[in-house]
Amino acid sequence: MIESPVSKPAAADPVELAMLEVDALIRQRLASRVALIDQISGYIVNAGGKRIRPRLVLLFAEAFGCHGPERLELAAIVEFIHTATLLHDDVVDESALRRGRATANATFGNAASVLVGDFLYSRAFQMMVSIDRMRVLEVLADATNVIAEGEVLQLMNMHDPDLTVEDYLRVIRYKTAKLFEASARLGAVLGGADAATEESCADYGRCLGTAFQLVDDLLDYEGDTTALGKNVGDDLREGKPTLPLLLAMERAAPIEREFIRRAIEEGEQQRLPEILAVVRRTGALEATRAAAQQEADKARTRALALPPSRAREALIDLCVRSVHRSS
Ligand code: GRG
């Protein structure tokens with residue numbers, strides 16, 4: 001029998017207890033005097049989520065022997081920033097489903113979603129100040145600024161079938177990989193890593209985040225709505241030129257290429273089954289997964305440079321799981 005790369009049972013999680021503490025802290029720090037904020041932020045935070053970014057903070061801190069309370073605060077901060085971006089992103093994309101339930105915008109409306117996103121984002125900054133370290137503020141201020149740039153770049157690229165792979169990769173490095181990078185970097189900063197080691201940890205985060213978004217874009221074509229917790233085919237509906245479509249256009253016959261071009265320009269979902277057939281037949285899905293695997297392999301090399309520990313093993317395991325995931 002061929003063993004799937006993720007069929008091996010995961011070793012005991014070195015940050016399991018700390019993740020529980022982070023969850024408790026997230027709930028505590030969500031508190032607001034305004035009832036609607038409690039309701040909406042609770043709605044999205046309690047819907048679960050994989051909590052990958054806080055896990056990165058904790059695993060890198062653990063890898064450098066840092067067990068201080070500030071690592072929990074930082075882990076909660078990156079999850080708040082991530083959640084704020086999700087609230088804003090679902091409004092921008094007009095998404096209806098997230099984490100297996102109706103999005104906050106579908107349930108409470110766009111205005112409330114954007115404003116509660118602002119609350120979470122500014123709460124994250126209050127928490128950062130409480131850590132009282134300029135380097136932490138600098139890393140997170142830069143990261144959030146780049147995330148916003150990435151989202152605006154993506155907006156400018158909508159409905160553009162001539163987008164280059166390079167420009168596509170720039171968007172995903174900004175909008176997604178940057179927060180992974182900041183999370184990994186901050187774990188190293190807390191652990192007192194030297195500058196070169198900090199850079200290597202940041203590289204791990206950037207490559208893992210890139211692999212993660214490549215798979216996200218892949219799952220929008222080959223995933224399953226129930227497993228994913230969000231609607232498949234949304235990217236095509238919006239006319240978002242992601243790697244599966246860009247590669248399919250490179251490889252398809254002229255008539256099929258024209259068909260995909262038009263779907264990107266007009267943004268529509270009716271033709272999803274035909275587009276999916278071309279995307280599948282041209283091998284664009286496998287090629288997207290291979291691109292994700294390459295990024296995950298780069299991340300793994302960075303993890304292997306860390307001293308041996310259970311945290312290092314968990315970071316290597318994340319590289320496997322980020323590529324072979326269905327949600
Ligand atoms: C508020 C700082 C700020 C910026 C606004 C809207 C926006 C600018 C940025 C959006 C960036 C974005 C949502 C990128 C996609 C990231 C992504 C892959 C989300 C899915 O992450 P998962 O799978 O989600 O970790 P869960 O549900 O598991 O937490």
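Remember, it's 1-based here, ligands and their atoms both numbered in the order they're listed.
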Does any donor atom in the side chain of Asp217 or Tyr168 lie under 3.5 Å from an acceptor atom in the other side chain? yes
Check the pair Leu36, Gln39 against side chain to side chain contact (heavy atoms under 4.5 Å, CB included), reporting the backbone distance first and the verdict last. CA-CA 5 Å; Leu36 186 64; Gln39 194 185 355; 3.6 Å; yes
Give the numbers and elements of all ligand 1 atoms closer than 4.0 Å to a heavy atom of [X].
X      : value
Leu86  : 19 (C)
Phe212 : 18 (C), 21 (O), 22 (P), 23 (O), 25 (O)
Gly49  : 26 (P), 27 (O), 28 (O), 29 (O)
Ile147 : 9 (C)

I need the nearest protein heavy-atom contact for [atom]: residue, atom name and distance, please.
atom                    : value
atom 1 (C) of ligand 1  : His88 ND1, 3.6 Å
atom 10 (C) of ligand 1 : Glu151 OE1, 3.3 Å
atom 3 (C) of ligand 1  : Thr85 CG2, 3.7 Å
atom 25 (O) of ligand 1 : Arg53 NH1, 2.7 Å
atom 2 (C) of ligand 1  : Tyr121 CE1, 3.6 Å

For [X], is the nearest heavy atom under 4.0 Å from an atom of ligand 1?
X      : answer
Val92  : no
Thr176 : yes
His82  : yes

So, taking the atom named [atom1] in [X] and the one named [atom2] in [Y], what distance separates them when rounded to the nearest 0.5 Å?
X      : Y      : atom1 : atom2 : answer
Leu74  : Ser183 : CG    : OG    : 9.0 Å
Arg173 : Ile147 : CZ    : CD1   : 15.0 Å
Glu73  : Phe80  : CD    : CZ    : 9.0 Å

Indicate yes or no for a side-chain donor-acceptor contact from Asp220 to the backbone of Val232 under 3.5 Å, with no hydrogens or angles considered.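 Such a contact is absent between Asp220 side chain and Val232 backbone.
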Residue of the set Asp162, Thr242, Leu245 for which side chain to side chain contact (heavy atoms under 4.5 Å, CB included) holds with Ile264: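 Per the side chain to side chain contact (heavy atoms under 4.5 Å, CB included) rule, the option paired with Ile264 is Leu245, out of Asp162, Thr242, Leu245.
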So, applying salt bridge (Lys or Arg N to Asp or Glu O under 4.0 Å) with Lys240, which one of Asp216, Asp235, Asp89, Asp160 is it? Asp235
With sequence neighbours left out, write down each residue that passes salt bridge (charged side-chain N to carboxylate O under 4.0 Å, His left out) with Arg237, or none if nothing qualifies.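 If we apply the salt bridge (charged side-chain N to carboxylate O under 4.0 Å, His left out) test to Arg237, skipping adjacent residues, the hits are Asp234.
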Between ligand 1 and Arg99, is the shortest N or O to N or O distance under 3.5 Å?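 N/O-N/O distance below 3.5 Å exists for this pair.
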Do any nitrogen or oxygen atoms of Lys50 come within less than 3.5 Å of a nitrogen or oxygen of ligand 1? yes
Side chain to side chain contact (heavy atoms under 4.5 Å, CB included) between Leu87 and Leu120: does it pass, once the steps are laid out? CA-CA 10 Å; Leu87 283 169; Leu120 286 174; 3.8 Å; yes
Who's closest to atom 18 (C) of ligand 1 heavy-atom-wise, of Gln213, Arg325, Glu149?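 Looking at heavy atoms only, the winner is Gln213.
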